J.: 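Quick one: structure below, then a few questions.
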There are 2 protein chains.
Amino acid sequence: MAVKKADRNLDINTEAKILEAARTIFHKKGYAATRTRDIAEEAGINLALLNYYFRSKEKLFDIIMLETMEGFFQSLSVVFNDTSTSLEKKVEVVTESYIDLLLAQPDIPIFLLNELRTHPSEIGEKFKMKQIIMHSVFFKQWQEATKNNKNQIPPLQFMISLMSLIMFPFVACPIIKMVGDLKQEQFNKMMVERKKLIPKWIKAIMKS
Amino acid sequence: MAVKKADRNLDINTEAKILEAARTIFHKKGYAATRTRDIAEEAGINLALLNYYFRSKEKLFDIIMLETMEGFFQSLSVVFNDTSTSLEKKVEVVTESYIDLLLAQPDIPIFLLNELRTHPSEIGEKFKMKQIIMHSVFFKQWQEATKNNKNQIPPLQFMISLMSLIMFPFVACPIIKMVGDLKQEQFNKMMVERKKLIPKWIKAIMKS
DNA sequence: AACTATTTTAATCAAACGATTAAATATTTA
DNA sequence: TAAATATTTAATCGTTTGATTAAAATAGTT
């Protein structure tokens with residue numbers, strides 16, 4: 001009896017196990033291609049248990065979706081509103097921290113983008129992304145830094161480009177590996193290289 | 001009777017109608033979220049007819065997938081191997097033609113990327129993308145142009161960045177619209193702006 | 001130990017979905 | 001025109017899938 005109790009405590013909360021399995025499968029396959037039975041199997045539990053804890057596939061998905069978006073935009077918010085760092089430093093920090101994040105969890109961008117495309121975004125509206133990004137310290141610094149350029153680059157255009165350079169390679173990973181005939185390890189090495197390249201390029205763009 | 005025949009000729013080939021409907025729905029929802037009944041309804045035909053013409057959902061999908069990839073990479077191949085234009089001109093042409101393509105069919109990049117992620121790529125291997133891109137005139141010109149730089153940018157890194165700047169905004173369209181509080185029309189206007197911005201930025205990067 | 005509440009399972013339901021069949025209609029060919 | 005072929009439909013089959021139910025196992029409490 002005592003042993004059994006110890007065993008139970010070892011393999012975490014059942015709820016947590018289900019959530020972890022759901023995260024894995026949803027991130028990998030997306031909502032539509034995911035079967036609740038897959039999640040149950042991955043979690044090592046019965047299918048009925050999943051519905052007992054989370055009522056429905058959609059409710060479970062909403063939790064994962066919300067949690068994923070939060071995790072993804074939080075880092076951005078923190079870095080962008082640091083009043084103690086320069087614009088250039090922010091670019092370096094954002095680039096480095098996001099590439100690290102994506103190396104650890106490469107499925108997240110395409111998961112988010114693909115689900116936001118299909119699911120008309122009830123979820124997305126919960127985030128005050130507009131507030132977080134458009135009124136950030138980063139944005140004010142950018143406008144300050146480029147106000148003397150003849151052709152000032154619109155802040156949103158700049159923002160989009162920075163995020164493109166950081167995130168797109170992970171979204172396009174399968175194609176890049178095909179075109180460049182790379183294995184996962186070589187691909188990752190390239191992404192690490194980009195931590196240095198992207199800030200350089202951004203500086204070059206700002207001076208233009 | 002003559003009238004009926006005329007009617008029939010008007011509404012194209014039934015096969016073509018089904019293909020067009022399949023293209024629309026698959027591009028919009030992806031394979032897993034698409035129901036064959038949706039395609040039949042969109043095409044204005046019976047469900048059985050779809051299977052009569054194309055045997056199965058998967059066979060129909062493969063046709064659309066192949067056709068979509070071909071269309072998407074062909075333009076690239078043509079521009080990249082034009083021996084009569086300069087490197088800078090090629091960047092301009094690629095940027096402009098691809099942004100035009102994506103303004104007309106904005107769903108294509110995320111459709112392709114998402115399907116390539118799930119479906120282990122039997123399809124992808126049919127394309128000799130490596131040949132097309134890595135041995136293109138464009139690549140040789142790039143290496144020539146940057147060979148005197150202290151830190152030569154690896155061609156594949158450059159290629160990735162160019163494609164990122166062009167394509168990612170369309171993939172991230174829903175988020176960008178949320179962050180910038182934009183309507184579709186305003187978003188499109190921004191993309192048109194980028195036709196001029198991206199070649200400028202690329203030049204700035206090349207000089208660095 | 002006895003009782004209650006919680007957790008887990010096996011079995012099953014009902015709807016959704018891809019696919020098939022057999023028959024009807026239209027078109028082409030002889 | 002008659003026979004043969006191609007096109008289209010209504011009805012339905014068999015699986016898959018999300019969800020439920022009722023009962024068993026376990027944990028917690030007195």
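Lettering follows sequence order; numbering is per chain, from 1. Please read all numbers here as calculations on a predicted model, not as lab measurements.
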J.: Set out, in order, the CA-CA distance, both residues' side-chain angles and the distance that settles side chain to side chain contact (heavy atoms under 4.5 Å, CB included) for B:Phe72 and B:Tyr98, then state yes or no.
T.: CA-CA 9 Å; B:Phe72 200 71; B:Tyr98 260 78; 3.7 Å; yes
J.: Please enumerate all residues that pass ring pair (Phe, Tyr, Trp, His ring centres under 6.0 Å) together with A:Phe80, with sequence neighbours excluded.
T.: A:Phe138
J.: Tell me, which of residues 24-35 of chain B have any heavy atom that sits under 4.0 Å from an atom in DNA chain C?
T.: B:Thr34, B:Arg35
J.: Tell me which pairs pass salt bridge (Lys or Arg N to Asp or Glu O under 4.0 Å) where either residue lies in residues 170-187 of chain A, with sequence neighbours left out.
T.: A:Asp181-B:Lys130
J.: Would you indicate what A:Tyr53 reaches in the nucleic acid, counting non-hydrogen atoms under 4.0 angstrom: base, sugar-phosphate, or nothing?
T.: sugar-phosphate
J.: For B:Val192 and B:Leu103, run side chain to side chain contact (heavy atoms under 4.5 Å, CB included): C-alpha distance rounded to whole Å, both residues' side-chain angles, the deciding distance at 0.1 Å, then the answer.
T.: CA-CA 9 Å; B:Val192 172; B:Leu103 281 169; 3.9 Å; yes
J.: Which residue in the set A:Lys203, A:Lys196, A:Lys195 passes salt bridge (Lys or Arg N to Asp or Glu O under 4.0 Å) when paired with A:Glu92?
T.: A:Lys203
J.: Using a 3.5 Å cut-off and no angle test, enumerate the donor-acceptor pairs between side-chain atoms of residues 153-176 of chain B and protein atoms at least two apart in sequence or in another chain.
T.:
| residue | atom | partner | partner atom | Å |
| --- | --- | --- | --- | --- |
| B:Gln157 | OE1 | A:Arg194 | NH1 | 2.9 |
| B:Gln157 | NE2 | A:Met190 | O | 3.0 |
| B:Gln157 | NE2 | A:Glu193 | OE1 | 3.1 |
| B:Ser161 | OG | A:Arg194 | NH1 | 3.2 |
| B:Ser161 | OG | A:Arg194 | NH2 | 3.1 |
| B:Ser161 | OG | B:Gln157 | O | 2.9 |
| B:Ser164 | OG | B:Ile160 | O | 2.7 |

J.: Answer yes or no: is there a donor N or O on one side and an acceptor on the other, between the side chain of A:Lys57 and the main chain of A:Tyr31, under 3.5 Å?
T.: yes
J.: In whole Å, I'd like the distance from the CG atom of B:Leu50 to the C1' atom of C:dT20.
T.: 13 Å
J.: Give the nucleotide from the list C:dT7, D:dA19, D:dT7 with an atom nearest to the side chain of A:Tyr52.
T.: C:dT7
J.: To the nearest Å, give me how far apart CG (B:Leu60) and P (C:dC17) are.
T.: 17 Å
J.: To the nearest Å, give me how far apart CG (B:Asn51) and P (D:dG14) are.
T.: 17 Å
J.: Are B:Val79 and B:Thr85 close enough, and set up right, to give a side chain to side chain contact (heavy atoms under 4.5 Å, CB included), and what steps lead you there?
T.: CA-CA 9 Å; B:Val79 176; B:Thr85 56; over 6 Å; no
J.: Scan residues 36-49 of chain A against DNA chain D and write down, sorted by residue number, each residue with any heavy atom closer than 4.0 Å; if none is found, say none.
T.: A:Thr36, A:Arg37, A:Leu47, A:Ala48
J.: Round to the nearest Å and state the distance from B:Arg55 atom CZ to C:dT21 atom C1'.
T.: 13 Å
J.: Is there any salt bridge (Lys or Arg N to Asp or Glu O under 4.0 Å) pair reaching into residues 32-47 of chain A, and which pairs are they, with sequence neighbours excluded?
T.: A:Lys29-A:Asp38, A:Arg35-A:Asp38
J.: Whole Å only: how far is the CD1 atom of A:Ile18 from the C1' atom of C:dT8?
T.: 10 Å
J.: Could you tell me how far apart A:Glu58 (CD) and D:dG18 (C1') are, to the nearest whole angstrom?
T.: 12 Å
J.: Output the rounded distance in Å from CZ (A:Phe61) to C1' (D:dG18).
T.: 16 Å
J.: Let me know the distance between CG of B:Asn13 and P of C:dT27, rounded to the nearest Å.
T.: 13 Å
